[in-house]
A.B. asks: 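Pasting a structure below so you can have a look.
A note on names: the letters A, B, ... follow the listed sequences, proteins ahead of strands, and every chain is numbered from 1. Atoms considered below: every heavy atom in the structure, side chains included; atoms not considered: hydrogens, waters and symmetry mates.
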Amino acid sequence: MAKLHVTTTINGDPVEFLCEPHHTMLDVLRGSLGLTGSKEGCGSGDCGACSVTLDGRLVCSCLMLAAEAEGHQIRTIEGMAEGEMLHPLQQKFLEMAALQCGICTPGMLVAAKALLEHNQEPTETEVRYWLAGNLCRCTGYDKIVRAVLETAAEMRGAAR
Amino acid sequence: MTDIRYLAPRTLDEAVGAFAAAAGAARILAGGTDLLVQMKAGTVSPGLIVDIKKIAEMTTIEETADGGFCIGAAVSGAVLGEHPRFGKVWPGVLEAVNLIGSTQVQGRATAGGNLCNGSPAGDSVPAMIAAGAIVTVQGPKGRRQMSVEAVPAGPGRTNFAPGEILVAFTLPPRPKGSGDAYLRMIPRTEMDIAVVGCGVSLTLEKGICTAARVALGAVAPTVLLVEAAAKALVGTKLDAADLDTAAAACSASCRPIDDKRGTIAYRTKVAGVLLKRTAAIAADRAGKV
Ligand SMILES: Cc1cc2nc3c(=O)[nH]c(=O)nc-3n(C[C@H](O)[C@H](O)[C@H](O)COP(=O)(O)OP(=O)(O)OC[C@H]3O[C@@H](n4cnc5c(N)ncnc54)[C@H](O)[C@@H]3O)c2cc1C
Ligand code: FES
Ligand code: FES
């Protein structure tokens, strides 16, 4: 079976890869491209551990065919920090202990970043609804929600 | 998984041609939030996947000159939610579409996929039926239109002819004093499948209901248009007794299943309760227009 040749952009860099038509974006990120930050919790759209953005929009990479990346812009957790400089959300998750085992964390961070790009002043309810597709087995969510709210407040302060 | 082909044609004609030529072995890919899950579970294994997201007509939302809307079959819930006018004219349809899944799922899932997937619990379907939406489908024999309620044939099945693709939804222009709403009953607040879903669209003139459509989801093998409930509302002031009559008509139309989400008795009762709540929201919106 002929493989598909896909040309795309991942975290701002041009990337080409070969994939089978049934491969998901998550398969290719973790497999061929070695970008293992995105996790596979369920493979069925329920847990959000595989969250990436596609042209700026939050999606589950397990529910997207790799072939669909052709000509689009993908961003993953690997593109969140700038070199050694953590994104404020990453920094705040560490400071406020918003993770335990860490499996959900890349997806949570990618999703939270997409939220703050879309809404700089979310309420607690808005944060909880936005992150409803990101499951966490460890933290009980509270620390995550607080870390997102706190980061949003600091980022607004810094922008002022 | 053996030999799958993937195509992302730029035109509808190409898509219809490839889809029809594969004679049943092909699947249309819109947002993929049902299809990819089904492929992974092994319940479908298509020989050809036709991605419709590169077809311009399928990805646009158009407000027509008469005040109606045309929504392409590949428009995601998130994109529909960002339209400056759609949610003002059809708040009930929009809230139903936006109830589908998480933020991530909204980024991909379409009302077209929700309808074509054929689930009796698809959230956008009752709202679209209540709205009186029409679908345009195109197949090897050309184009035709059908009402949304004529599409589902049973769980997982549609009344499309072989090779037909859903192209777009058309929603009619709104008379003054109209409102719509959709409510679903779920045990959680988010991320669950409807136990019952109810869509209502109505028009009020000087406090009298002059037109109504009611649809119920998850209470029968297909989403139902409940004409008896609509009839019970038209000509009334939507007083408590009128809503009781319409609620009884909703309960009477139910042919639900018993499952872990709800018993037959529970679904039947909740259908009536939801009708009253949904109609109240639709009426409130109609009064404000
Ligand atoms: C985590 C999660 C949560 C969910 N929550 C909900 C929920 O709350 N409510 C709900 O109703 N659903 C829910 N769903 C199911 C799903 O997201 C919806 O049914 C969605 O609307 C499907 O749209 P899609 O564009 O992703 O469809 P796809 O998966 O692309 O397609 C679905 C089916 O329809 C066919 N199809 C699609 N477009 C066309 C077309 N234009 N012409 C002909 N056939 C077509 C496909 O071949 C496929 O068989 C959920 C799914 C997930 C993964
Ligand atoms: S792995 Fe994609 S949502 Fe769980
Ligand atoms: S930290 Fe373990 S799943 Fe969230």
Side-chain angles (χ1 to χ4, degrees), chain A residues 1-6 19-27 38 40 42-72 107-108 110-115 118-119 122 125-135, chain B residues 1-10 26-27 29-54 59 74-82 95 98-110 113 186 188-193:
Chain A
M1 161 108 255
K3 290 205 172 191
L4 297 171
H5 178 254
V6 177
C19 67
E20 300 282 349
H22 69 267
H23 279 156
T24 65
M25 194 64 227
L26 182 63
D27 293 334
S38 308
E40 177 162 23
C42 65
S44 55
D46 294 287
C47 77
C50 64
S51 297
V52 301
T53 60
L54 170 64
D55 297 336
R57 209 176 277 291
L58 189 66
V59 302
C60 294
S61 59
C62 73
L63 290 188
M64 170 186 170
L65 292 175
E68 294 182 69
E70 176 71 39
H72 292 286
M108 285 286 181
V110 169
K113 179 165 177 271
L115 168 63
H118 163 97
N119 178 356
T125 304
E126 284 169 340
V127 173
R128 288 188 185 271
Y129 271 96
W130 183 274
L131 296 178
N134 291 82
L135 303 187
Chain B
M1 256 182 238
T2 50
D3 280 22
I4 306 184
R5 284 184 307 133
Y6 167 87
L7 282 183
R10 303 246 164 212
R27 284 288 176 141
L29 172 68
T33 61
D34 280 315
L35 184 61
L36 264 66
V37 175
Q38 291 158 4
M39 282 168 58
K40 188 142 217 166
T43 52
V44 298
S45 34
L48 171 69
I49 293 173
V50 183
D51 183 352
I52 55 173
K53 291 188 293 296
K54 289 203 160 73
T59 52
V75 171
S76 69
V79 169
L80 191 61
E82 285 161 14
E95 67 203 359
N98 286 168
L99 272 175
I100 299 171
S102 56
T103 317
Q104 286 87 336
V105 169
Q106 278 292 307
R108 306 285 283 168
T110 66
I186 54 170
R188 311 171 62 194
T189 53
E190 255 285 65
M191 301 289 292
D192 206 347
I193 300 174

A.B. asks: At a 4.5 Å cut-off on heavy atoms, which part of B:Leu29 comes close to chain A: side chain, backbone, both, or neither?
C.D. replies: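 Just the side chain, heavy atoms under 4.5 Å.
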
A.B. asks: Under a 4.5 Å heavy-atom cut-off, does chain A meet the side chain of B:Ala78, its backbone, both or neither?
C.D. replies: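 Contact with chain A: backbone and side chain both.
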
A.B. asks: With a 4.5 Å heavy-atom cut-off, do A:Leu63 and B:Gln104 have their side chains touching?
C.D. replies: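 The answer is no; the side chains never approach within 4.5 Å.
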
A.B. asks: For the backbone of B:Val37 and the side chain of A:Ser44, can you confirm whether one donor and one acceptor N or O come within less than 3.5 Å of each other?
C.D. replies: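 Not confirmed, A:Ser44 side chain does not pair with B:Val37 backbone.
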
A.B. asks: Heavy atoms only: give me the nearest A:Leu65-B:Ile49 pair and the separation to one decimal.
C.D. replies: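 Here A:Leu65 and B:Ile49 meet closest at CD1-CD1, 4.0 Å.
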
A.B. asks: Given that the side chain runs from C-beta out, which part of A:Cys62 has a heavy atom under 4.5 Å from chain B: side chain, backbone, both or neither?
C.D. replies: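 Looking at A:Cys62, just its backbone touches chain B.
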
A.B. asks: State, to 0.1 Å, how close A:His22 and B:Met39 come at their nearest heavy-atom pair, and which atoms those are.
C.D. replies: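 So the two residues come closest at CB-CE, 4.4 Å.
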
A.B. asks: Working to the nearest 0.5 Å, report the span between CH2 of A:Trp130 and OG of B:Ser102.
C.D. replies: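 A:Trp130 CH2 to B:Ser102 OG: 10.0 Å, rounded to 0.5 Å.
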
A.B. asks: Out of A:Leu131, A:Asn134, A:Val59, return the one with the most heavy atom pairs under 4.5 angstrom to chain B.
C.D. replies: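 So the answer, after comparing A:Leu131, A:Asn134, A:Val59, is A:Val59.
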
A.B. asks: In plain terms, say whether A:Arg57 and B:Glu82 are close enough for a salt bridge, that is, a side-chain N and a carboxylate O under 4.0 Å apart.
C.D. replies: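 A salt bridge links A:Arg57 with B:Glu82.
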
A.B. asks: State, to 0.1 Å, how close B:Tyr6 and A:Leu4 come at their nearest heavy-atom pair, and which atoms those are.
C.D. replies: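 Smallest heavy-atom distance, with atoms named: CB-CD1, 4.0 Å.
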
A.B. asks: Can you tell which part of A:Ala111 gets under 4.5 Å to a heavy atom of chain B, answering side chain, backbone, both or neither?
C.D. replies: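 Interface part for A:Ala111: side chain.
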
A.B. asks: Decide side chain to side chain contact (heavy atoms under 4.5 Å, CB included) for A:Glu68 and B:Asp51; before the verdict, give the C-alpha distance in whole Å, the side-chain angles of both, and the deciding distance to 0.1 Å.
C.D. replies: CA-CA 8 Å; A:Glu68 294 182 69; B:Asp51 183 352; 3.6 Å; yes

